[in-house]
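A quick write-up on the structure given underneath.
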2 protein chains.
Amino acid sequence: MATETLTTERILEATEEVLRRHGPAKANVVDVARALGVSHGSVYRHFGTKAQLREAVTKRWLDRTTNELQLLMTDGSLTAPAMLRQWLATLFAAKRRKAGDDPQLFATYQVLISENSRVVELHVGELIMQLDHIIQDGITKGQFSLPHPDPALTARAVFDATNRFHDPAYAGEWQKAGIDEEFRALTDLVLRGLNS
Amino acid sequence: MATETLTTERILEATEEVLRRHGPAKANVVDVARALGVSHGSVYRHFGTKAQLREAVTKRWLDRTTNELQLLMTDGSLTAPAMLRQWLATLFAAKRRKAGDDPQLFATYQVLISENSRVVELHVGELIMQLDHIIQDGITKGQFSLPHPDPALTARAVFDATNRFHDPAYAGEWQKAGIDEEFRALTDLVLRGLNS
DNA sequence: CAGATGACAGATTTCAATATCTGTCATCTG
DNA sequence: CAGATGACAGATATTGAAATCTGTCATCTG
């Protein structure tokens with residue numbers, strides 16, 4: 001059993017599985033070790049504390065979304081406004097899918113997120129950098145026009161404005177009837193605000 | 001002692017005081033009754049359950065903000081864009097003041113709010129109706145121009161867009177350096193989106 | 001007799017004992 | 001000797017018995 005070498009990656013996979021099975025309150029390091037067929041001491045060789053292990057799992061989960069969006073940004077065929085629309089729609093769709101497909105697992109990650117605000121801040125920072133990139137590109141190409149261009153501040157404003165459609169705290173409203181219409185109204189408002 | 005008649009209003013005041021003193025977890029109906037110099041049975045004559053009493057306290061607290069904003073809306077000297085700016089700034093200032101002046105009491109009300117989502121929904125509905133009124137007024141006077149005017153949906157979008165500056169969940173960020181600049185960037189974006 | 005009271009039953013919370021988990025480290029093993 | 005182990009101490013969580021609180025209602029009182 002467990003003849004493969006014990007890697008950080010394998011521990012993260014096992015931890016995710018244990019979290020899925022037992023939930024955030026009951027998931028413990030001994031179970032993770034058992035799932036890997038090793039002693040819990042070995043897990044501590046890779047992660048100094050349980051908190052650090054959970055932080056790494058949280059980061060991995062958030063990074064999946066960042067990567068999906070990053071991929072989209074390499075599409076050169078889109079104008080900046082189209083790219084921004086697509087980016088916002090993809091972010092909303094990804095979050096809504098996660099929340100809708102497996103509500104229990106989503107609730108687990110909401111707990112992890114609340115435990116790891118530092119990781120979330122970094123994640124938010126990455127997303128806003130992606131927005132910054134799109135906005136800067138749009139200004140350069142004359143596809144956005146702002147009275148006092150400040151891409152960083154505008155990126156933050158766009159992120160804030162769309163909060164209801166990406167902050168997990170609002171996940172309960174994402175299944176509501178009329179939500180797509182409300183999402184469209186908000187993105188329209190934001191895109192008009194960028195004068196595009 | 002307590003020669004005045006026992007009114008709903010006096011019970012609400014006493015409950016607020018007990019909540020302030022003991023916090024949401026420890027505040028109980030017997031303490032409210034004691035504060036009023038009556039038996040707890042008398043309190044149950046006015047409010048069927050403890051939950052209903054707390055709901056009424058929550059509604060009263062939220063209504064104070066609604067009323068402050070409603071007052072502002074009677075000012076006929078403002079254009080719709082100026083009114084909207086003022087409305088958003090007043091809402092943010094009111095919330096930030098509540099959160100900053102007495103963080104413990106604010107935390108208490110955050111608990112009450114999480115217990116009474118129905119009351120919060122009604123409150124949000126009232127705020128969006130105020131926004132709807134401003135937007136409709138602005139469209140009529142030609143101070144806002146929208147491609148497909150739908151004031152109700154636009155009001156919702158404006159409310160959603162400014163979430164970070166009125167949803168108590170974000171209260172922790174309201175003291176952060178640079179928050180005013182971010183608020184200005186967001187309101188500028190929204191107002192440009194209304195083409196004003 | 002309208003409105004207040006407080007004893008009471010059932011629901012909920014508190015608290016302290018018990019059990020489980022985290023993180024360390026001396027020891028083991030391939 | 002690099003990496004794994006598991007016994008252990010201190011920290012954290014669980015549990016169930018005792019204390020408190022909620023909501024009712026028969027009784028009281030001005």
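Here is the naming used below: chain letters follow the sequence lines, and residue numbers restart at 1 for every chain.
- Between the side chains of A:K141 and A:T79, no donor-acceptor pair is found at a separation under 3.5 Å.
- In this structure, B:R34 places its CZ atom 19 Å from P of C:dA4, rounding to the nearest Å.
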Pairs under 3.5 Å (N/O, protein and nucleotides 27-30 of chain D):
none

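- Contacts between residues 40-53 of chain B and DNA chain C, defined by a heavy-atom separation under 4.0 Å, are made by B:H40, B:G41, B:S42, B:R45.
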Open item on the list: A:D180 vs A:R184, test: salt bridge (Lys or Arg N to Asp or Glu O under 4.0 Å). Steps then yes/no.
Closed with: CA-CA 6 Å; A:D180 287 304; A:R184 166 155 274 278; over 6 Å; no
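- When each of D:dT22, C:dA4, D:dT5 is scored by its nearest atom to the side-chain atoms of B:L6, the top-ranked nucleotide is C:dA4.
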Task: Verdict with supporting geometry, B:I11 and B:T7, side-chain contact (heavy atoms from CB on, under 4.5 Å) - done: CA-CA 6 Å; B:I11 293 174; B:T7 60; over 6 Å; no
- [ ] List the steps and the verdict of ring-ring contact (aromatic ring centres under 6.0 Å, His included) for B:F183 and B:F92.
- [x] CA-CA 9 Å; B:F183 177 72; B:F92 181 35; 4.9 Å; yes
Restricting to nitrogen or oxygen on both sides, can you table the protein-nucleotides 11-16 of chain D pairs closer than 3.5 Å?
none

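- B:Q104 CD: 12 or fewer foreign heavy atoms inside a 6.0 Å radius.
- Listed by first then second residue, pairs satisfying ring-ring contact (aromatic ring centres under 6.0 Å, His included) with a partner in residues 50-76 of chain B read B:W61-B:Y109, not counting sequence neighbours.
- Other residues, nucleotides and ligands contribute only 12 or fewer heavy atoms inside 6.0 Å of the NZ atom of B:K26.
- Of the charged side-chain nitrogens involved, at least one lies within less than 4.0 Å of a carboxylate oxygen, so that B:R21 and B:E17 count as a salt-bridged pair.
- Atom CZ of A:R54 is separated from atom C1' of C:dT22 by 12 Å (rounded to the nearest Å).
- Using a 4.0 Å heavy-atom distance criterion, B:V29 is classed as a sugar-phosphate-only contact.
- Residues B:R96 and B:D101 are not paired through a salt bridge, judged by the lack of any N-O separation under 4.0 Å between the basic side chain and the carboxylate.
- Nucleotide C:dT14 holds its P atom 14 Å from the NE2 atom of B:H22, rounded to whole Å.
- Evaluation of the ring-ring contact (aromatic ring centres under 6.0 Å, His included) test over residues 10-60 of chain B, restricted to residues two or more places apart or in two chains, returns none.
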TODO: Dump the intermediate steps for side-chain contact (heavy atoms from CB on, under 4.5 Å) on A:L146 and B:R192, then the final yes or no.
DONE: CA-CA 9 Å; A:L146 299 165; B:R192 278 201 309 277; 3.1 Å; yes
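- In this model, no donor atom of one side chain and acceptor atom of the other lie less than 3.5 Å apart for A:N163 and A:Y170.
- Secondary-structure stems of DNA chain D, taken as three or more successive Watson-Crick or G-U wobble pairs (i with j, i+1 with j-1) under a 3.5 Å distance threshold, comprise C:1-30 with D:1-30.
- For the side chain to side chain donor-acceptor pair (under 3.5 Å) with A:T65, the lone residue among A:E126, A:H123, A:K98 that qualifies is A:K98.
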